[in-house]
J.: 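Encoded as structure tokens, here's the structure I'll be asking about.
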Amino acid sequence: MDGFLNIYKEKGPSSYDVIRKLKKIFKTTRIGHAGNLDPLGEGVLVVGLGKGTRFLEYIMDENKEYLVRVKFGILTDTLDKEGRVLDEKPVPKLEKDTILGILKKFEGEIEQVPPSFSAIKIDGKRLYEYAREGVYIVPKPRKVKIYKIELKDVFEDGMVIRVECSSGTYMRALARDIGEAVGTYGMVEELTRIRVNGFHINNAIRLSDEDLIKKSVISIQDGLPFKSEVIISSGGISYFMNGNRVPRRFITKTTPDVRAFNFVKVFDAEKNFLGVGFLTWEGVEPKKVYIPSE
């Protein structure tokens, strides 16, 4: 079975715990996810099944949305409430207008230093593995984009924010940096991933509902984040399936939104999904070919 699942990950289990359970449900080892969600976090975890795993990269790079409860005044090694407390600081009086001004400064493209407890690899080893051994590595800053931060609530020692951001943005690092701008420490107390591109929490399925999970596999073509489509004639199929550019003359139809130098979904005349291509003025360059399972 090839496709995607929109799973609601509960608080507590790791993302890999979810994958382990799904492997048993579908009796397959070919399962992966499009972006880790910490054990503390809950919400949308996009999962790829079968050959859908090969197409997860297109979802992994998409924008995400979170609801975050930030607690000020406490520094932990993981930058969330699950970690070991390293230090504490007084929390200044939190005025709403001041907080709004601080949050505005984090919107747009920013440089962010990921947490030492993260899945980033250095020399083939993940940072959280180093950290568990007592070796805390500070990664290089990365450019990320925060499209919007909305203040949902503010209280004596924290706040709740809704964040729309690019892939690769760490909410724990954002909480740390906002805390520093406030004049204290900041950590994540609660985290909910509301959306990964078109996969929304309102449609996410809980692991406890195995029957519904089996009925809710989304096809690869329906789960991909881009909507533009091209149809190629029979003469162009062999080009595409063998990894060669499909000349323009074999493109018989496109959706109205198609633009050159963008990813497109590629179909044959019978509307069978062939894979992902990159449209240029010369034709369609195959990027990921889909060969259905026997």
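Since the structure is predicted, the reported quantities are computational estimates derived from the model, not experimental observations.
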J.: Taking the side chain as every heavy atom from C-beta outward, state whether E62 and S167 have any pair of such atoms under 4.5 Å apart.
T.: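 Answer no - side chains too far apart.
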J.: Any side-chain heavy atom of E190 sitting closer than 4.5 Å to one from K11?
T.: yes
J.: Evaluate R172 against D38 for side-chain contact (heavy atoms from CB on, under 4.5 Å), listing each step before the verdict.
T.: CA-CA 10 Å; R172 287 175 292 136; D38 295 332; 3.0 Å; yes
J.: Donor-acceptor pairs are to be reported for all side-chain atoms of residues 201-213 against protein atoms at under 3.5 Å, with residues two or more places apart or in another chain.
T.:
from, atom 1, to, atom 2, distance (Å)
R206, NH1, E10, OE1, 2.9
R206, NH1, E10, OE2, 2.6
D209, OD1, L212, N, 3.3

J.: For E180, is the CD atom crowded, meaning more than 12 foreign heavy atoms sit under 6.0 Å from it?
T.: no
J.: Restricting to non-hydrogen atoms, name the atom on V44 and the atom on H200 that form the minimum distance, rounded to 0.1 Å.
T.: CG2-C, 3.7 Å
J.: Over 60° means perpendicular and under 30° means parallel, so classify the ring planes of F273 and Y290, tilted if in between.
T.: tilted
J.: Could you walk me through whether V217 and L5 satisfy the side-chain contact (heavy atoms from CB on, under 4.5 Å) test, starting with their C-alpha distance in whole Å, then the side-chain angles of each, then the deciding distance to 0.1 Å, before giving a yes or no?
T.: CA-CA 5 Å; V217 179; L5 285 167; 4.0 Å; yes
J.: Any salt bridge linking E285 with K287? Criterion: basic side-chain nitrogen under 4.0 Å from a carboxylate oxygen.
T.: no
J.: Assess the residue pair K148 and E164 against the criterion (salt bridge (charged side-chain N to carboxylate O under 4.0 Å, His left out)); give the C-alpha distance rounded to whole Å, side-chain angles, the decisive distance to 0.1 Å, and a yes or no.
T.: CA-CA 5 Å; K148 185 178 181 182; E164 295 178 37; 5.0 Å; no
J.: Tabulate below the donor-acceptor pairs under 3.5 Å that side-chain atoms of residues 91-109 make, not counting sequence neighbours, or state none.
T.:
from, atom 1, to, atom 2, distance (Å)
K104, NZ, E107, OE1, 3.1
E107, OE2, I149, N, 2.8

J.: Show the nearest heavy-atom pair for residues K145 and T169, with the distance to one decimal.
T.: O-OG1, 4.0 Å
